[in-house]
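A quick write-up on the structure given underneath.
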Amino acid sequence: MRLAVIADIHGNDLALQAVLDDIAGQGIDDIVNLGDCFSGPLEPGKVAARLTAMDIPTVRGNHDRYLIEQSSEAMWPSDRIAHGEMLPGHFDWIRGLPVTHVHRGEFYMCHATPQDDNRYWLEEVLEDGSVRRKSLAEIEALAEGIEQPVVLFAHSHLPAMLRLSDGRLMVNPGSVGCPGYDDVAPYPHKIEAGHPLASYAIVEKGAAGYGVTFRNVSYDHMAMAALAASYGRPQWASALARGWLE
């Protein structure tokens with residue numbers, strides 16, 4: 001069994017199409033999506049049309065939630081752009097998304113953590129803005145009560161795999177469409193992939209158990225960088241062009 005795991009598309013339809021083509025080239029038709037699908041100064045309307053037509057198992061991310069909970073006036077710019085391009089049916093689709101989901105009885109899915117869709121699972125942000133890995137005990141505490149052998153999560157945009165003490169496998173596939181960003185909570189910090197490629201993961205079950213392959217896919221990222229710049233979003237443009245923030 002092989003499962004493709006995508007997450008954090010953030011309105012980047014060119015990256016999503018490239019990833020879906022790559023998945024098809026791997027001979028995989030089982031795909032799950034870990035949320036944050038639309039918010040970004042790119043092409044959220046195209047992403048919405050594509051995802052709603054595909055009907056793949058998807059959980060709701062924090063930015064998806066903002067699109068149905070906040071007024072457009074209260075939104076951050078990336079959410080506001082997405083909100084302006086989406087149709088009423090797209091918002092209905094978001095409202096129908098679960099916060100967590102179990103796929104095929106083996107794969108537990110959430111966007112960030114089961115308790116909070118806006119909290120890093122593996123990383124902690126320090127007051128000086130540096131980001132470091134949490135202790136295993138802290139990571140395992142957030143996984144308490146999850147019985148499935150594979151835990152799929154996202155939110156940080158950083159590909160990661162680790163095993164818990166009891167053998168459960170945790171997988172963050174990285175970001176399809178947003179290789180870098182800055183945030184103000186819990187303290188101002190940056191997340192940078194260091195490359196502009198679209199990222200996803202393949203989880204494969206074999207005789208020896210579960211294994212993970214991370215895939216990085218080329219696409220016309222400079223076109224998306226130019227689009228972000230046209231919206232007046234230089235940090236997005238830098239991340240899409242280089243994988244680093246200016």
Side-chain angles (χ1 to χ4, degrees), residues 5-20 31-52 54 56 58-70 72 75-86 90-91 93-94 97 110-112 117-118 120 153-159 172-185 189-201 216-217 219-245:
V5 186
I6 65 174
D8 291 294
I9 302 163
H10 283 282
N12 192 335
D13 190 60
L14 285 186
L16 176 58
Q17 182 59 64
V19 163
L20 294 175
I31 307 171
V32 297
N33 176 14
L34 304 181
D36 271 11
C37 306
F38 312 114
S39 294
L42 303 173
E43 298 178 311
K46 291 183 178 180
V47 171
R50 191 184 302 279
L51 288 181
T52 54
M54 290 178 63
I56 61 176
T58 301
V59 292
R60 191 180 68 199
N62 58 303
H63 281 279
D64 304 321
R65 175 171 57 82
Y66 300 159
L67 293 175
I68 58 173
E69 286 189 355
Q70 299 179 353
S72 59
M75 291 177 179
W76 289 93
S78 292
D79 303 313
R80 190 179 306 120
I81 290 167
H83 191 272
E85 288 199 14
M86 295 170 67
H90 299 149
F91 297 115
W93 185 81
I94 294 173
L97 295 178
C110 67
H111 175 67
D117 65 7
N118 201 14
Y120 296 134
F153 66 102
H155 188 56
S156 73
H157 297 204
L158 299 175
N172 183 331
S175 175
V176 169
C178 179
Y181 63 89
D182 57 359
D183 201 354
V184 297
H189 65 281
K190 296 179 180 179
I191 296 291
E192 298 165 305
H195 64 77
L197 304 180
S199 298
Y200 77 99
N216 297 312
V217 183
Y219 71 101
D220 190 357
H221 61 278
M222 293 306 298
M224 292 294 95
L227 181 56
S230 75
Y231 276 107
R233 304 300 303 281
Q235 291 285 71
W236 270 82
S238 174
L240 288 161
R242 302 169 47 244
W244 299 98
L245 301 182

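Any value given below was found using the heavy atoms of this structure, including those in side chains, with hydrogens, waters and symmetry copies removed. Residue numbers run from 1 in the order of the sequence given.
In this structure, CD1 on I68 lies 10.0 Å from NE2 on H83, to the nearest 0.5 angstrom. Here CD of Q70 is found 9.5 Å from NE2 of H63. Values are rounded to the nearest 0.5 Å. Here CG of L51 is found 9.5 Å from NE2 of H90. Values are rounded to the nearest 0.5 Å. Rounding to the nearest 0.5 angstrom, the gap separating the CD1 atom in I56 from the CG atom in L20 is 7.0 Å. In this structure, the separation between CZ on R50 and CG on L16 is 5.5 Å, given to the nearest 0.5 Å. One distance of note links OG of S199 with CG of N216; it measures 4.0 Å at 0.5 Å rounding.
The minimum heavy-atom distance linking D8 with S175 is given by the pair O-OG, 2.7 Å. The two atoms that bring L97 and T58 nearest to each other are CD2-O, 3.7 Å, heavy atoms only. The shortest non-hydrogen separation linking L34 to A154 is CB-CB, 4.0 Å. Contact between H155 and H111 at its shortest, heavy atoms only, is ND1-NE2, 3.1 Å. Annotation for P179 and P196: closest pair CG-CA, 4.2 Å, computed over non-hydrogen atoms. Of all the heavy atoms in G177 and A15, the pair that sits closest is CA-CB, 4.1 Å.
Side chain to side chain, N172 and Y120 fail the donor-acceptor criterion of an N or O pair below 3.5 Å.
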Solution key, residues 220-233 side-chain donor-acceptor pairs under 3.5 Å, sequence neighbours excluded:
from : atom 1 : to   : atom 2 : distance (Å)
D220 : OD1    : A223 : N      : 3.2
H221 : ND1    : Y219 : O      : 3.3
S230 : OG     : L227 : O      : 2.6
Y231 : OH     : E85  : OE2    : 3.2
R233 : NH1    : S78  : OG     : 2.8

Donor-acceptor contacts under 3.5 Å from residues 37-48 side chains, at least two apart:
from : atom 1 : to  : atom 2 : distance (Å)
S39  : OG     : D79 : OD1    : 2.6
E43  : OE2    : K46 : NZ     : 3.1

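Side-chain N or O atoms of S72 include none that pairs as donor or acceptor with a backbone N or O of R80 at under 3.5 Å.
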Stepwise, does the side chain to side chain contact (heavy atoms under 4.5 Å, CB included) test hold for D183 with I191? CA-CA 8 Å; D183 201 354; I191 296 291; over 6 Å; no

So Y181 and H10, side chain to side chain contact (heavy atoms under 4.5 Å, CB included) or not? Walk me through it. CA-CA 11 Å; Y181 63 89; H10 283 282; over 6 Å; no

Evaluate the side chain to side chain contact (heavy atoms under 4.5 Å, CB included) criterion for residues N33 and I9: first the C-alpha distance (whole Å), next the side-chain angles of each, then the deciding distance (0.1 Å), finally the verdict. CA-CA 9 Å; N33 176 14; I9 302 163; 4.2 Å; yes

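R65 pairs by the salt bridge (charged side-chain N to carboxylate O under 4.0 Å, His left out) definition with E69, D117, not counting sequence neighbours.
Residues I94 and M86 are in side-chain contact: their nearest non-hydrogen atoms beyond the backbone lie under 4.5 Å apart. Put simply, the side chain of D64 reaches to within 4.5 Å of the side chain of D36, judged on heavy atoms.
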